[in-house]
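Only a predicted model underlies this, so the values are computations on that prediction, with no experimental measurement involved. Below, each value reflects all heavy atoms present in this structure, side chains not excepted, and no hydrogens, waters or symmetry copies. Below, read A as the first sequence line, B as the second, and so on, with proteins coming before strands; counting in each chain starts at 1.
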Amino acid sequence: MTASQTTPAVRLEGITKRFGDVVANDSVDFTLEQGSIHALLGENGSGKTTLMSILYGLYDQNEGSISVDGHEQTFDSPRDAMEAGVGMIHQHFQLVPSMTVLQNVILGHEPVDNGLINDGAARGRIEDICSRYEFDVDQYLDTRVEELDLGAQQRVEIVKSLYRGADVLILDEPTAVLTPQEVERLMDVMADLREDGQSLIFISHKLDEALEIADQITVLRDGEAIGTVDTAETTEQDLAQMMVGREVLFDRLERESSTGDPVLEVDGLCMRGDRDRRQVDDIDLTLRSGEILGIAGVQGNGQSELVEGITGLRSVEEGTIRLAGDDITGMNRRRRIENGIAYIPEDRQSEGLVQDYSLVRNALLGNQTIAPYANGQILDWDEVSDHAAEIVEEYDVQPPNPDATAGSLSGGNQQKFIVGREIGHDPDVLVASHPTRGVDIGSVEFIHNRLIELREEGLGILVVSSKLEEIRKLSDRIAVMYEGEFIDVVDPDAVTEEDLGLLMAGHEPTNEPPQQSDPQPDGGGSRD
Amino acid sequence: MLSATVLERIAIAIASTLSAILIGLVIVAVAGYNPVQFVNQLVVGSFGSERAIVRTLRYSTLFILTGVAVAVAFRAGVFNIGVQGQFIMGGFATVVSIVGIAPLLPENAVGGTILIAIGTLAAIVAGGLYAALPGVLKAYGGANEIITTIMLNFIAIGFVGWLVAGRFNDPEATATRTRQLPEYVELPSPIVSDPNFSLVGLLVMLATVAAVAVIMARTSFGYDMVTSGYQQSAAGYAGVDPKRMIVSTMTFSGVVAGLAGAVFVIMIQGYYTDPSGVGNYGFDAIAVSLLAANNPVGVVPAGLLFGGLESAGSHIQINSDVPVQLIDGIVGLVVLFVAVPELFRMIAKRTGLGGENR
Amino acid sequence: MSVADYTARTSVRLGGLVLFVLIAFGVALTFTDEIALERLVTFGFLSRSLEMATPIALAAVGGLYAEKSGVFNIGLEGFMIFGAFSAAATMYALGGTSPTQGHVWAALVAAVLVSVALTVLFAVLLIHFKADQIVAGLAVWFVGLGFAPFTAAVIWGSRSSPGLTSIDPIAFGQSPLILLTIGIVVASWVVLYRTRYGNWIQAAGENPEALDTAGIDVNRVRYATVIFSGAMAGLGGAVLLAHAGNFGGTGETMVDGRGWIGIVAYLFGNYNPIGAAAAALLFGALDMLNVQFQTVGIDLPSRLVNLLPYVAVIVVLTAWGKTRMPDAVGEPYESEE
């Protein structure tokens, strides 16, 4: 370290960033001390990633200044930031899946000999870095990135930043895609890096992780820095309050246990995923009316495929699906909609709504063969219009204008509209995939309450979510999915979050990190 | 482009056309001709006389029909570049079926009407099948429809050309062509009497536009189609089978293209020649449709514009030394400009013409 | 990515194309049992096939560079038309109806320069103004189909040029342009797989953000590949002209779909320049079959035999059409809102 201990590694002063009329960062101050880990905590959309993208040269700030190691800097591009020693590990990895680990690490910084890439020199440098931090990345340099699991990809990203000479590392939500065991391993890596004098910024919305690893924590809310605290002097409740601005209740909602008839029965279901790999492996499930069955699991363990199988979007290899006793395994998506399977899709942007359509046109999406909106082939736009207006009213969609395009709405309002539409035609089964992902807190509560109400009205609801709090809060039973199978079905009142975490990692509580030196092809995760 | 407001679309269409014509005029001037005279001939040749107007309407009928065929496919997100081939197959099927069946029917107006119906049906079937083929290849074989439809255009030209010169050649004709349709096979021509134009043809065209517009806007099939064009993933979510949709879209598009081929044969040509010489209606239709932002109703003014240009082209060919291929180049430029709405948005912004919303 | 990987995956597709060519021969031979295969497949036939393959291979190499970097240049056909026409016009301007070999080479250079100038404009529309790549590419074709014959008519009073000169062969009666093309294909392979520019091109097409965050300007990479694709298509058109010896502007012009076939050639070659060139050679062979049939006296309708390459494109595209396109093809890239 050349800079003295009193000079902070990074200092941001009065950073303001506006996107059109939206203020993403409002005069934010932030200081990262040398050789420390500083967590940047906040809800989705609180401006964490924007702030760090400014530090990394991806965005220009409207106001404010950046200094790195005591020198004021203007970053026009990530290259400038990198030259100043700032590296960033993005939430969506900045890797090229079809290229090898080696090509990815050296991308943009290839050592060249006579115009050709000097392979040997590149390997040597990567091996040096890996042996210094005990990384395993040098053992699969010639493997294509798409064949690695997400934990290994993340380490490739870190090595890439170090290769480029970073001594300030920004990690954007690094734990979001990892299993609990991989998270532990990442925490170790971060601690090692701190030992070696690296300074790290850890972006997260998870309180426990920030408390575990960080030296200091800065909380952002609605683009403003609410405060910076030393980890030793704060508690989870304090931080939560700073994040959301009010007391949060993590408690489960009380309810009567359900005794309805089975509405959806799945028997021995097997399905293949996009890369022809078996993603759903002999799943049995029964969903009763008036019940919420939660499916927990780390993303990519077959939940999406299972949901697509039930809703009719993906064909089934083996097994049967019965709706109210009738076999619907071979029935296409449209007929399943008509027969009462409603679906809140995982990806509302690309599946649940047509972004360029008005809400009125979107109110017809999926309902285009159902009376009263359609009379044979002929559409009745007046009915559709009324329906849209009802949803907007009943679900408090903002702005309350059925002629607004779906793309102009915020995520929460888009989601409320979808929930309203899907319930509209009185279904028997509702499949809700990540129903509150990327949704503001107010809308989350609204949607949760609505789901509970629908349960009371006798609907059978299948909820898939990677948020444990959500699953525990809503479900009558929780099925944990791992590598295409239900590892266990548990009672939400009787299970701890730790146990759930272990189940999600495959029920094998071991201290060994799951990623061994030899990467499993397509192991564990899927890319999104 | 799809999210643009209707007004903006119209503005972009007009700006594209004017820019293309302007560049065309510069080229006319650089090539050593008189651009003012050229503009004059454009106007006179398209709308300057009753004859010119009828000629413009004749071409427009075909441009609008083929333009609607393109619009159907493009709106659904399927790039049917093969309307030219489907138009040729349709028209040729009309000739073959009418010439083949005529001897079995009475040689009078009743027979003529039946033959027209049969010929049109043959064209629709031929055009629809010839378009369904690349649809099936795309849906079930993953073959890019842009490339296969272009190849099928080349194949239609070669194949029909071979048949016209061989098996279906009229031995009594001096030129290489098929036998002529019987005289009594013709559309009635009220009000306007022109051997190559009939108001009935125009009405058929308008009825087709109206039918396609209603299907797209007011039926669940149309909603499925348009939704597929906007956002494939959302259409799948809403229960559209993407593979079947591709095939139905292509077939629908080819049916309209085939109908255009029938109108061309029955109303205008009366026989078939080597298809490399029948005119590029199916290609220019792409420009027509894009200019109309793939809206079937918008195709009408766009088709009139192209009909006018084509009509002026025939006038210029006779009355001027400016090579008529210039018109094709201008059509290409129109397409180029339509592809870049952002260009006009930026210009509008810079010059303050864009209004406050952009 | 290793060479072995590519050849393994590409060979299936190329095998399909070889099969098609063999079937075409087989069908031809059943029409006549008089003529032996050795009379059909001669040295002259192979050499003419090479000659026919060069324009397709050049366009294919250019097109695959653009697409690898994330821009689908479907204007190749149009740029070939411009290349062929500019070469003819240059030859005529320098040497009238009897240009020298020097004029031929000057014409090749001029064609590349004209194509580069036009592609720069095209690239600005695609990359800076985010034009719809498919529509703009089609437009280039239409513009070429209109303005090349127009200008021909202005210069020569007809859509086609009078007879000019074709390029003289060098050793073994081979055109030097075949050697040039082989050189370009090999060099393209080396640049794509052995230099950092190749890595950047691949990254720009697969995950432009990754390249951007590595500090490389994605759009500069794309400008370079699109302009290269135009230059190669233009050169391809000029080579076609230099072999033919005059410009034909009737119908779909003398280029007659070769740019489109170039696109298919690189799809077969799985975006590998050498694979693309091999596919181009097979298309060249199909193209020459007609001439060869006439030479040896097989009486097949030439109109139909001429359609063989187009049919081959459809058959092979359908049977082996599912190539994996680069992820980001067709998406304009902006690093900041």
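In this structure the side chain of V334(B) never reaches within 4.5 angstrom of the side chain of F142(C), judged on heavy atoms. With a 4.5 Å cut-off on side-chain heavy atoms, R303(C) and D274(B) count as touching. Counting only heavy atoms from C-beta outward, the side chains of D328(B) and L145(C) never approach each other to under 4.5 Å.
Between the CZ atom of F283(B) and the CG atom of L138(C) there is a distance of 9.5 Å, given to the nearest 0.5 Å. Atom CD1 in I74(C) sits 8.5 Å away from atom CG in N144(B) (nearest 0.5 Å). Annotation: the span from I261(C) atom CD1 to M151(B) atom CE amounts to 5.0 Å, rounded to 0.5 Å. If you take CD1 on I146(B) and CH2 on W260(C), they are separated by 7.0 Å, rounding to the nearest 0.5 Å. The structure places CD1 of I286(B) at 11.5 Å from CD1 of I134(C), a figure rounded to the nearest 0.5 Å. Here the CZ atom belonging to F150(C) is positioned 10.0 Å from the CD1 atom belonging to I327(B), to the nearest 0.5 angstrom.
Open room surrounds CZ on F159(B); 12 or fewer heavy atoms of other groups in view lie less than 6.0 Å from it.
Here the closest heavy-atom approach between residue F147(C) and residue I330(B) is recorded as CZ-N, 4.1 Å. For A136(C) against L336(B), the heavy-atom pair with the smallest separation is O-CD1, 3.9 Å. Listed here is the closest heavy atom pair of L307(C) and F154(B): CD2-O, 3.6 Å. Taking every heavy atom of both residues into account, V143(C) and G329(B) meet most closely at CG2-O, 4.2 Å. Minimum interatomic distance between L137(B) and I314(C) (heavy atoms only, all atoms of both residues): CD1-CG2, 3.4 Å. A139(C) and V335(B) make their closest contact through CB-CG1, 3.7 Å (heavy atoms, listed as atom of the first residue, atom of the second, distance).
With chain B as the partner, the residue from R159(C), E77(C), H128(C) showing the most heavy-atom pairs under 4.5 Å is R159(C). If you tally non-hydrogen atom pairs under 4.5 Å between each of G24(B), G161(B), S276(B) and chain C, the highest count goes to G161(B).
For V313(C), the part lying near chain B is the side chain, with the backbone staying farther off; criterion is any non-hydrogen pair under 4.5 Å. Proximity to chain C is limited to the side chain of I81(B), based on heavy atoms less than 4.5 angstrom apart. The parts of L326(B) that come within reach of chain C are both its backbone and its side chain, each placing non-hydrogen atoms under 4.5 angstrom from that chain. Residue Q133(C): no heavy atom, backbone or side chain, is found under 4.5 Å from chain B. Contacts between F337(B) and chain C at a heavy-atom distance below 4.5 Å are absent for every atom of the residue.
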N153(B) vs E252(C), side-chain contact (heavy atoms from CB on, under 4.5 Å): CA-CA, chis, key distance, verdict: CA-CA 11 Å; N153(B) 286 338; E252(C) 313 297 333; over 6 Å; no
